[in-house]
A.B. asks: 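Take this structure first; my questions come after.
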Amino acid sequence: LEKSLYGLKQASANWYDMLRKALEERGFHESNSDACVFLKKDMIVLVYVDDCILISTKNKIIEDFLASLSNGPENFIFTDEGKLDKYLGVEIQKHQEGNGFTLTQPFLIERILQAASIDTRMTNSRPTP
């Protein structure tokens, strides 16, 4: 498997198949709308290339899940990158109160405004309802 993961053209497909199988064995199912989103009652796993975002209401659920993958037959090795504040160009800000998040793409917005020759100093920063 190591050669398959690092030395061959189909390495990414083999890694994804191995991860998908491991997730399905732990009760996850693929989202109907996106093959890189795996759902379970108390957790969501988002996959992009070899990065995963784990979402749950309780840290213990994530810790137990990671332990099962690390100690299971797959022997996955993980690196915790800490608090998630940006992913694939999307900025993620957790609300101070409540359980919500704000997602923004300021770099994309700036690029669109520049392409349309709109002076960003003249724009209104009020959110759209």
A.B. asks: Output the distance between atom CG (D85) and atom CD (Q93), rounded to the nearest 0.5 Å.
C.D. replies: 9.0 Å
A.B. asks: Calculate, to the nearest 0.5 Å, the distance between atoms CD and NZ belonging to Q105 and K86 respectively.
C.D. replies: 10.5 Å
A.B. asks: Test of understanding: clusters of I, L, V, M, F, W, Y form through side-chain heavy atoms closer than 4.5 Å, transitively. Do F76 and I61 belong to the same one?
C.D. replies: yes
A.B. asks: Calculate, to the nearest 0.5 Å, the distance between atoms CD and CG belonging to E24 and L19 respectively.
C.D. replies: 10.0 Å
A.B. asks: Pair F65, D42 - check side chain to side chain contact (heavy atoms under 4.5 Å, CB included), show working.
C.D. replies: CA-CA 11 Å; F65 170 71; D42 54 2; over 6 Å; no
A.B. asks: Quick check: closest heavy atoms across V49 and W15, and the distance to 0.1 Å?
C.D. replies: O-CZ3, 3.0 Å
A.B. asks: M43 pairs by side chain to side chain contact (heavy atoms under 4.5 Å, CB included) with which of L23, I55, D64, I62?
C.D. replies: I62
A.B. asks: When hydrophobic residues are tied together by side-chain contacts of less than 4.5 Å, even through go-betweens, does F107 share a cluster with Y48?
C.D. replies: no
A.B. asks: So, applying side chain to side chain contact (heavy atoms under 4.5 Å, CB included) with L46, which one of I53, D51, L54, L88 is it?
C.D. replies: I53
A.B. asks: Using the test side chain to side chain donor-acceptor pair (under 3.5 Å), find all partners of R26 that sit at least two apart in sequence or belong to another chain.
C.D. replies: S68, E74
A.B. asks: Linking I/L/V/M/F/W/Y whenever any side-chain heavy atoms sit under 4.5 Å apart, do L66 and M18 land together?
C.D. replies: yes
A.B. asks: Is there a side-chain contact between F38 and E30, using heavy atoms and a 4.5 Å cut-off?
C.D. replies: yes
A.B. asks: Taking atom CG of D34 as the centre, report whether more than 12 heavy atoms of other residues, nucleotides or ligands fall under 6.0 Å from it.
C.D. replies: yes
A.B. asks: How long is the straight-line distance from CD of E25 back to CZ of R20, given to the nearest 0.5 Å?
C.D. replies: 10.5 Å
A.B. asks: Shared ILVMFWY cluster between V90 and V45, side chains joined below 4.5 angstrom?
C.D. replies: no
A.B. asks: Is the backbone of S33 close enough, under 3.5 Å, to the side chain of S31 for a donor and an acceptor to pair up by distance?
C.D. replies: yes
A.B. asks: Would you call K21 and D17 a salt bridge, taking side-chain N to carboxylate O under 4.0 Å as the test?
C.D. replies: no
A.B. asks: Is it the case that over 12 heavy atoms from other parts of the model lie below 6.0 angstrom from the OH atom of Y87?
C.D. replies: yes
A.B. asks: Would you give the length of the straight line joining atom CD1 of I77 to atom OG of S70, rounded to the nearest 0.5 angstrom?
C.D. replies: 8.0 Å
